[in-house]
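Okay, so here's the structure we're looking at.
Note: hydrogens, waters and symmetry copies are ignored here, and every other heavy atom, side chains too, is used. It should be emphasised that the depicted structure is a prediction, and the values quoted were computed from it without experimental measurement.
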Amino acid sequence: QVQLVESGGGLVQAGGSLRLSCAASGSILSIRSMGWYRQAPGKERELVARIISRGSTNYADSVKGRFTISGDNAKNTVALQMNSLKPEDTAVYYCNADVLAYGSHWSGYWGQGTQVTVSS
């Protein structure tokens, strides 16, 4: 079994910062990528940032220069540092991981989500 748990969401004023964290646990053999997605009311879930095990990253154009994703392979964790937050960043943020579990195959897993609200 694999579980992803997010933390760090909250309410912040525009221009402020938040740091989200996600920890993967369970019968994990390997993780080849982890990322953050977000979903605002009435919108589709979208990729915010992703990092692969070898360190390369990918960001949505809307967050480039403001958000930074980082990972710790030894701890199976990923973090998202969010700076210069804007009201349009308000959404539920979900952690995602591409995981190889013991006795299984590569599969995607999702956390329960953490709310980020940015006030103007």
Side-chain angles (χ1 to χ4, degrees):
Q1 296 182 353
V2 176
Q3 182 181 30
L4 303 181
V5 179
E6 304 105 329
S7 62
L11 175 64
V12 65
Q13 293 183 348
S17 298
L18 284 173
R19 184 176 178 87
L20 306 182
S21 297
C22 175
S25 62
S27 302
I28 298 172
L29 181 62
S30 182
I31 299 177
R32 61 186 176 188
S33 69
M34 296 185 74
W36 290 94
Y37 293 71
R38 67 187 181 187
Q39 187 167 24
K43 295 185 177 181
E44 297 180 8
R45 187 173 299 186
E46 65 176 353
L47 172 69
V48 177
R50 195 162 193 87
I51 185 169
I52 65 172
S53 60
R54 295 178 181 178
S56 64
T57 57
N58 184 43
Y59 295 91
D61 289 342
S62 60
V63 307
K64 287 181 179 178
R66 299 188 298 120
F67 293 8
T68 302
I69 189 169
S70 60
D72 187 330
N73 291 332
K75 297 181 179 180
N76 290 332
T77 60
V78 65
L80 184 69
Q81 179 66 44
M82 304 186 294
N83 298 326
S84 301
L85 283 162
K86 304 174 181 179
E88 50 263 44
D89 294 318
T90 295
V92 177
Y93 284 69
Y94 297 91
C95 181
N96 173 265
D98 191 6
V99 177
L100 178 64
Y102 287 103
S104 188
H105 52 80
W106 289 102
S107 297
Y109 293 86
W110 293 93
Q112 294 298 306
T114 184
Q115 177 70 49
V116 172
T117 302
V118 184
S119 62
S120 60

Notebook entry, point to check: Who pairs with T117 by side-chain contact (heavy atoms from CB on, under 4.5 Å), at least two apart in sequence or on another chain?
Noted result: L11, T90, Q115
Check: With sequence neighbours excluded, what pairs up with S104 under the side-chain contact (heavy atoms from CB on, under 4.5 Å) test?
Finding: A101
Notebook entry, point to check: Pairs in or reaching into residues 74-105: which pass ring-ring contact (aromatic ring centres under 6.0 Å, His included), with residues at least two apart or in two chains?
Noted result: none
Item checked: Inter-residue atom distance N58.CG - I51.CD1, 0.5 Å rounding -> 11.0 Å
Note to self: Heavy-atom count check: over 12 atoms from other residues, nucleotides or ligands less than 6.0 Å from Q112 CD?
What the structure shows: no
Check: Is there a path of hydrophobic side-chain contacts, each under 4.5 Å between heavy atoms of I, L, V, M, F, W or Y residues, that connects V2 with L100?
Finding: no
Next item on the list: Compare all side-chain heavy atoms of V116 with those of R38 and state whether any distance is below 4.5 angstrom.
Entry: no
Next item on the list: Report yes or no: do R66 and S84 form a side-chain donor-acceptor pair below 3.5 Å?
Entry: no
Check: If we only count heavy atoms from C-beta on, is the L18 to F67 side-chain gap below 4.5 Å?
Finding: no
Note to self: According to side-chain contact (heavy atoms from CB on, under 4.5 Å), who are the partners of S7, at least two apart in sequence or on a separate chain?
What the structure shows: S21
Note to self: Do I69 and M34 have side chains that approach each other closer than 4.5 Å (heavy atoms only, starting at C-beta)?
What the structure shows: no
Margin query: Which residues pass the side chain to side chain donor-acceptor pair (under 3.5 Å) test with K86, not counting sequence neighbours?
Written below: none
Next item on the list: Hey, could you give me the CG/OG distance between D89 and S62, rounded to the nearest 0.5 Å?
Entry: 7.0 Å
Note to self: Applying ring-ring contact (aromatic ring centres under 6.0 Å, His included) as the test, list every pair that has at least one member in residues 26-53; sequence neighbours left out.
What the structure shows: Y37-W110
Note to self: Is there a side-chain contact between E6 and V92 in this structure, where contact means two heavy atoms from C-beta onward sitting under 4.5 Å apart?
What the structure shows: no
Next item on the list: Would you check if the side chain of Q81 reaches a backbone N or O of R19 as a donor-acceptor pair within less than 3.5 Å?
Entry: no
Next item on the list: State the OG-CG distance between S53 and N73, to the nearest 0.5 angstrom.
Entry: 6.5 Å
Note to self: Measuring from atom OG1 of T68 to atom CG of N83, what distance do you get when rounded to the nearest 0.5 angstrom?
What the structure shows: 6.5 Å
